[in-house]
There are 2 protein chains.
Amino acid sequence: MNVGDPVQVPKTSPETSAERLRDTDLANEIEFMTARARSVGSGRANSMLAGLDLRVRSYSVLSLACSGQNPSQRELANFLSLDPSQIVALVDLLENRGAVTREQDPRDRRSKVIVATPGGRELYLQAAAVIQDAEDQSLRDLSPTEREQLRSLLRRIAFETAE
Amino acid sequence: MNVGDPVQVPKTSPETSAERLRDTDLANEIEFMTARARSVGSGRANSMLAGLDLRVRSYSVLSLACSGQNPSQRELANFLSLDPSQIVALVDLLENRGAVTREQDPRDRRSKVIVATPGGRELYLQAAAVIQDAEDQSLRDLSPTEREQLRSLLRRIAFETAE
DNA sequence: TATTGTTATACTCTATAACTATA
DNA sequence: TATAGTTATAGAGTATAACAATA
């Protein structure tokens with residue numbers, strides 16, 4: 001087909017037009033599908049977290065603050081693949097609403113360990129339930145076995161590069 | 001453990017500190033792993049596409065323009081989950097470098113069909129090879145069978161909601 | 001000299017509303 | 001009136017550089 005040829009598109013309804021594009025090379029690329037799954041998933045998670053005045057990024061920090069692992073800001077930055085300066089803003093946000101505190105690491109006074117307050121833990125419990133609902137929606141077409149398959153495969157590509 | 005308790009973190013090297021956070025609830029959430037896989041994947045893809053002066057978003061539009069499906073801008077917006085105004089900017093970019101053209105849909109003069117020029121098709125061939133390399137890197141720890149499993153599972157969660 | 005947290009800045013991505021031309 | 005493309009704008013996400021305190 002040449003570029004100058006007259007455009008001939010089978011007349012379709014708006015609903016089927018996107019179906020048509022699912023048969024393209026792009027739609028079968030892992031990078032594309034991953035990006036699309038994330039777009040759908042985080043969009044849904046953000047909407048569902050709005051009632052708690054959280055977003056996925058602040059939820060992530062809160063979750064790690066509740067993990068019992070006592071992460072420093074630097075560790076949060078590394079693990080969440082965010083710049084340390086972004087962690088500052090996220091921790092500020094959570095600290096201002098009383099959900100977490102910055103505690104001095106007695107072994108290194110440069111480092112600040114982020115821990116959740118009792119209120120922060122309560123907030124996290126609610127948020128974790130919301131995220132569980134969001135995940136159930138994302139995975140609603142998959143069987144329990146398939147969900148674990150996907151989790152296992154995703155883990156291997158999500159954590160391969162940066163540690 | 002109470003919030004006021006002294007912070008006790010096992011002294012670890014920077015490399016193992018992030019390992020430690022992989023045992024948290026957050027790290028096992030589908031939403032989180034998907035977001036992280038996308039972050040790693042699209043970051044790598046953007047880096048590798050830089051030599052062709054493309055990014056994943058402009059590559060996506062170019063790819064669909066080369067698909068033979070003659071998508072309209074509206075169809076691109078729907079399929080790529082982007083606002084129509086973003087498509088304008090992306091098509092402008094590709095049109096200005098001679099990779100695609102806007103062609104009037106003879107059946108609806110409001111609609112513009114995006115088709116690749118011969119130069120655009122040549123650019124796409126190079127870019128598609130780059131994306132293939134990027135995908136191979138993302139999936140390097142998976143067997144061929146596992147890659148197809150992941151592709152199949154991802155497809156079912158990526159295309160479930162919007163059509 | 002190197003690292004942690006911080007501030008500042010700019011660029012990309014995303015979301016929304018309003019306008020025009022066609023249907 | 002409804003839809004396709006466009007323009008404009010604001011907010012969220014990402015990346016980089018520089019600085020003070022500490023190691």
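Numbers restart at 1 for each chain; the letters A, B, ... are given by sequence-line order, proteins then strands.
- In this structure, A/Gln104 atom CD and D/dT22 atom P are separated by 8 Å, rounded to whole Å.
- For A/Thr145, the side-chain hydrogen bond (donor to acceptor under 3.5 Å, both in side chains) test picks out no residue, with sequence neighbours left out.
- In this structure, B/Asp23 has no side-chain hydrogen bond (donor to acceptor under 3.5 Å, both in side chains) partners at least two apart in sequence or on a different chain.
- One atom, CG of B/Leu76, and another, P of D/dA4, lie 13 Å apart when rounded to the nearest Å.
- Taking the side chain to side chain contact (heavy atoms under 4.5 Å, CB included) definition, one finds that A/Gln126 meets it with A/Leu52, A/Glu122, sequence neighbours left out.
- B/Asn28 approaches A/Arg151 most closely through the heavy-atom pair O-NH1, 2.7 Å.
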Could you run through nucleotides 18-23 of chain C and give me one letter per nucleotide, 5' to 3': B if any protein heavy atom sits under 4.0 Å from the base, S if only the sugar-phosphate is that close, - if neither?
---BBS
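- Listed by first then second residue, pairs satisfying salt bridge (charged side-chain N to carboxylate O under 4.0 Å, His left out) with a partner in residues 45-56 of chain A number zero, not counting sequence neighbours.
- One can place CG of A/Leu93 at 16 Å from C1' of C/dT6, the figure rounded to the nearest angstrom.
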How does each nucleotide of nucleotides 9-15 of chain D score, in 5' to 3' order, for protein heavy atoms under 4.0 Å: base (B), sugar-phosphate only (S), or none (-)?
---SSBB
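- The side chain of B/Val88 approaches D/dT6 more closely than any other nucleotide in the set C/dT4, D/dT6, C/dT6.
- Side-chain atoms of B/Ser67 come within 3.5 Å of backbone atoms of B/Leu64 as a donor-acceptor pair (strictly under, hydrogens ignored).
- Between B/Leu80 atom CG and C/dC13 atom P there is a gap of 13 Å when expressed in whole angstrom units.
- Listed by first and then second residue, the salt bridge (charged side-chain N to carboxylate O under 4.0 Å, His left out) pairs involving residues 82-97 of chain B are B/Asp92-B/Arg102, B/Glu95-B/Arg102 (not counting sequence neighbours).
- Going from atom CG of B/Asp92 over to atom P of D/dT7 covers 7 Å, rounded to whole Å.
- Taking a 4.0 Å limit (strictly below) on heavy-atom distances, residues 58-65 of chain B does not reach DNA chain D anywhere.
- Note: CG (A/Asp105) to P (C/dT3) measures 17 Å, nearest angstrom.
- Residue pairs meeting the ring-ring contact (aromatic ring centres under 6.0 Å, His included) criterion with at least one member in residues 127-150 of chain B: none, sequence neighbours excluded.
- Within the structure, the ring-ring contact (aromatic ring centres under 6.0 Å, His included) test picks out no pair touching residues 127-156 of chain B (sequence neighbours left out).
- If you take CZ of A/Arg102 and C1' of C/dT4, they are 12 Å apart, rounded to a whole angstrom.
- Toward the 5' end of DNA chain C, the nearer of the two residues B/Pro84 and A/Gln73, judged by each one's closest nucleotide, is A/Gln73.
- For D/dA2, the OP1/OP2 oxygens have no side-chain nitrogen or oxygen of B/Arg74 closer than 4.0 Å.
- For the pair A/Lys112 NZ and C/dT3 C1', the interatomic distance rounds to 14 Å; values are reported in whole Å.
- Remark: A/Ser138 engages A/Arg44, B/Glu31 in a side-chain hydrogen bond (donor to acceptor under 3.5 Å, both in side chains) (not counting sequence neighbours).
- By the side-chain hydrogen bond (donor to acceptor under 3.5 Å, both in side chains) test, B/Gln86 is found to be paired with B/Arg57, residues two or more places apart in sequence or in another chain being considered.
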